[in-house]
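This report refers to the structure that appears directly beneath it.
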Amino acid sequence: MSTFQNTTTSSIIFLLTGVPGLEAFHAWISIPFCFLYTTALSGNSLILLAIITQPSLHEPMYYFLSMLSTTDLGLSISTLATMLGIFWFNAREISFKACLSQMFFIKLFTVMESSVLLAMAFDRYVAISNPLRYAAILTDSRIAQIGVAIVMRGTITLTPMVALLKRLTFCSSHVLHHSYCFHPDVMKLSCTDTRINNAVGLTAMISTVGVDSVIILLSYVLIIRTVLSIASPEERKKAFSTCISHIGAVAIFYIPLISLSFVHRFGKRAPPYVHTMIANTYLLIPPVMNPIIYSVKTKQIRKAMIKVFRSKEI
């Protein structure tokens, strides 16, 4: 492990880590990661293209899905260069400014994804509880306002968290334990008091992802209560079926995120590669699985994607 003298943040070079203990197999490990990145980028791009080009998908539900695909693309691109750079070329060095930028965008797209999932929960609640006023409530202009609010919310909330890292001093090891810059990972390397950073970071995540998860849960309590009040079993089944894809997207986003938080706080005795694999899963699984879930469970998306494929063949 490298040791450095006390330096200014502008001259700091951090060293990223691949999979600890499996450095000799990085070339082989890169194969499944390449497959996952290719799946995430192509799947989300195809969904975006289908929604843009197919007029039948110009509805609120699919506009929110296009936002979800955009955030998944951003999340994948944020880690692509450093992760594959380590596996292919052992390119571990990253400057402090580049590290802050990557950290900001990873956090931003994470918060944006949580916000989009919340907006999609609201969409499903309105569609099921008040279908006659659905189009009047979720107009195009209102959806655009929600999209702008999602970006602004993430930016305003996360900028102080990342900016406060500039006040820290790093005077010991500069070796990070992930293949990308992770906020708690960077703070652990500081020899300065990080209590303010911890408080601001925790507040930012609780006020965004934490609040979103609670409201999503409450929205589904209301959705279930509304569905159970429907007399016809067939209508109940139809109403529930419109929520399956969203429930899947919520599960694959929050489960890895919660698992990573637990491992960082309570899994200190776990092997280093466990932390690494869970951290990579948290970033890669939602972008990979969301296009698959929506293309399998949503007939309209599946048909639109087939049309896009056929138009390309022609």
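To the nearest 0.5 Å, atoms OG1 (Thr192) and CG (Leu165) are separated by 10.5 Å. Distance CG/Asp212 to CD/Glu113: 11.5 Å, rounded to 0.5 Å. Residue Ile12 holds its CD1 atom at 9.5 Å from SG of Cys99, rounded to the nearest 0.5 Å. Atoms CG and OH, from Leu283 and Tyr180 in turn, are 4.0 Å apart once rounded to the nearest 0.5 Å.
Residues Trp88 and Cys34 are in side-chain contact: their nearest non-hydrogen atoms beyond the backbone lie under 4.5 Å apart. With a 4.5 Å cut-off on side-chain heavy atoms, Leu168 and Val186 do not count as touching. At least one side-chain heavy atom of Tyr63 sits less than 4.5 Å from a side-chain heavy atom of His58. Looking at Leu48 and Ser66, their side chains come closer than 4.5 Å, going by heavy atoms from C-beta outward. Contact annotation: the side chain of Cys181 never approaches that of Ile106 to less than 4.5 Å [non-hydrogen atoms, C-beta and beyond]. In this structure the side chain of Phe109 never reaches within 4.5 angstrom of the side chain of Thr79, judged on heavy atoms. Taking the side chain as every heavy atom from C-beta outward, Leu100 and Lys166 approach each other to under 4.5 Å. Residues Thr38 and Phe35 have side chains not in contact (no heavy-atom distance under 4.5 Å, counting atoms from C-beta outward).
Here the closest heavy-atom approach between residue Phe87 and residue Gly18 is recorded as CE2-CA, 4.3 Å. Nearest heavy-atom pair, Ile47 versus Pro291, reported as atom, atom and distance to 0.1 Å: CD1-CA, 3.5 Å. Of all heavy-atom pairs spanning Phe240 and Ile224, the tightest one is CE2-CG1, 4.1 Å. Minimum heavy-atom separation, Val209 to Ser114: CA-OG, 3.6 Å. Across all non-hydrogen atoms, the minimal contact from Thr82 to Ser179 is OG1-O, 3.0 Å. Across Arg236 and Val227, no two heavy atoms sit closer than the pair CG-O, 3.4 Å.
Judged purely by atom type and a 3.5 angstrom limit, Ser241 uses its side chain to pair as donor or acceptor with the backbone of Lys238. Listed for the Asn44 side chain is a donor-acceptor partner under 3.5 Å among the backbone atoms of Pro287. The backbone N or O of Ala249 lies less than 3.5 Å from no partner atom in the side chain of Tyr294, so there is not a single donor-acceptor pair. At distances below 3.5 Å, at least one donor-acceptor pair connects side-chain atoms of Ser207 with backbone N or O atoms of Ala204. Using modelled atom types, no side-chain atom of Asp185 and backbone atom of Leu176 make a donor-acceptor pair closer than 3.5 Å. Using modelled atom types, one side-chain atom of Thr242 and one backbone atom of Ala239 make a donor-acceptor pair closer than 3.5 Å. Listed for the Thr71 side chain is a donor-acceptor partner under 3.5 Å among the backbone atoms of Leu68. When atom types are taken as modelled, the side chain of Ser95 and the backbone of Ala98 share a donor-acceptor pair closer than 3.5 angstrom. Side chain of Ser295 to main chain of Ile292: a donor-acceptor pair is present (N/O by atom type, distance under 3.5 Å, no hydrogens or angles). A donor-acceptor pair is defined here as one N or O able to donate and one able to accept, closer than 3.5 Å; such a pair exists between the side chain of Gln102 and the backbone of Ser78.
Defined by atom type and a distance below 3.5 Å, a donor-acceptor pair is present between the side-chain atoms of Thr110 and Tyr282.
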Throw together a table of side-chain donor-acceptor distances under 3.5 angstrom for residues 121-133, partners on residues two or more places apart or in other chains.
{"unit_1": "Asp123", "atom_1": "OD1", "unit_2": "Tyr134", "atom_2": "OH", "d": "2.4"}
{"unit_1": "Ser129", "atom_1": "OG", "unit_2": "Tyr125", "atom_2": "O", "d": "2.6"}

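In this structure, Phe105 places its CZ atom where only 12 or fewer heavy-atom neighbours from other residues, nucleotides or ligands lie under 6.0 Å away. Crowding of Ile196 atom CD1: a count of heavy atoms from other residues, nucleotides or ligands under 6.0 Å not exceeding 12.
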Q: Begin with the C-alpha distance, continue with both residues' side-chain angles, and end with the deciding distance and a verdict on side chain to side chain contact (heavy atoms under 4.5 Å, CB included) for Ser115 and Thr208.
A: CA-CA 8 Å; Ser115 301; Thr208 53; 5.8 Å; no
Q: Could you walk me through whether Thr298 and Leu65 pass the side chain to side chain contact (heavy atoms under 4.5 Å, CB included) test, one step at a time?
A: CA-CA 11 Å; Thr298 310; Leu65 178 56; over 6 Å; no
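Not less than 6.0 angstrom separates the ring centroid of Phe96 from the ring centroid of His174.
Ring geometry, His246 versus Tyr220: the interplanar angle falls under 30°, so the pair is classed parallel (tilted spans 30 to 60°).
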